[in-house]
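Numbers restart at 1 for each chain; the letters A, B, ... are given by sequence-line order, proteins then strands.
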Amino acid sequence: MSYCESVYAVVGQVPRGRVTTYRLIASALGNPRGCRAAGNALNRNPDPVGVPCYRVVKSDGTLGGYNGGLPEKIRRLRADGIEVRDNRVLSFDRILFSPAPLKRS
DNA sequence: ATTGGGGCCTCCG
DNA sequence: TCGGAGGCCCCAA
């Protein structure tokens with residue numbers, strides 16, 4: 001399983017109404033420094049339906065980027081009941097989700 | 001609030 | 001195969 005695929009697998013763990021960060025994803029895969037690589041993987045998200053990459057934000061709670069455009073990312077988050085203001089997720093510390101470590105094969 | 005430097009991975013020549 | 005560029009980042013100044 002490629003790095004990209006494992007990234008998608010981890011993102012799949014994030015429940016509705018919660019968010020996670022690029023950093024946490026990289027950590028779950030065993031390397032906290034791979035955060036940028038994780039972002040790179042999500043950038044070319046092959047399956048926007050099965051992989052809700054809009055639930056992934058920066059480690060400081062700001063939104064980060066989105067292939068479909070930020071407005072779209074915000075809309076999707078709101079649809080999940082998450083409030084966004086000034087490019088930042090509200091109550092970030094309360095809805096932050098830490099993915100379980102994933103073993104790579 | 002900005003900025004520069006660092007590090008991980010994938011794609012393309 | 002090898003090398004370089006770039007990406008939805010992070011953190012210390």
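In this structure C:dC8 sits in no base pair that meets the Watson-Crick or G-U test at under 3.5 Å.
Which of B:dT10, C:dC8, B:dC9 sits closest to the side chain of A:A37 comes down to B:dC9. Taking every side-chain heavy atom of A:K73 into account, C:dC8 is the closest of B:dC9, C:dC8, C:dC9.
Per the geometry, CZ belonging to A:R33 stands 19 Å off P belonging to B:dG5, to the nearest Å. Across the protein-nucleic acid pair, A:N40 atom CG and C:dC8 atom C1' stand 9 Å apart, rounded to whole Å. If you take CZ of A:R44 and P of B:dC12, they are 8 Å apart, rounded to a whole angstrom. Rounded to an integer number of Å, the gap from A:R23 CZ to B:dG7 P is 14 Å. Put simply, CG on A:N43 is 10 Å from C1' on C:dG6, counting in whole angstrom units. If you measure from atom CG of A:L63 to atom P of C:dC9, you get 11 Å, rounded to the nearest angstrom. As a whole-Å value, the separation of A:D60 CG from C:dC10 P is 7 Å. Taking atom OH of residue A:Y3 and atom C1' of nucleotide C:dG7, one finds them 13 Å apart after rounding to whole Å.
Heavy-atom contacts from other residues, nucleotides or ligands closer than 6.0 Å to CD of A:E72 number more than 12.
Contact between the side-chain N/O atoms of A:S59 and the OP1/OP2 oxygens of C:dC11 is found at a separation under 4.0 Å.
You'll find the side chain of A:V19 reaches within 4.5 Å of the side chain of A:L77, heavy atoms only.
With hydrogens and angles ignored, a donor-acceptor pair under 3.5 angstrom links the side chain of A:R36 to the base of B:dG6.
Cluster membership check: A:I95 shares its hydrophobic cluster with A:Y54, using side-chain heavy-atom separations under 4.5 Å among Ile, Leu, Val, Met, Phe, Trp and Tyr. Criterion: ILVMFWY side-chain heavy atoms under 4.5 Å apart, direct or through other members. Under it, A:L24 and A:V10 are not part of a common hydrophobic cluster.
Among the heavy atoms of the strands lying under 4.0 Å from A:G34 are primed sugar atoms or P, OP1, OP2 only; no base atom is included. Using a 4.0 Å heavy-atom cutoff across all strands shown, A:N31 reaches sugar-phosphate atoms only and no base atom. Across all strands shown, A:C4 has heavy atoms under 4.0 Å from sugar-phosphate atoms exclusively, and none from any base.
In terms of modelled atom types and a separation under 3.5 Å, the side chain of A:N43 and the main chain of A:N67 share no donor-acceptor contact.
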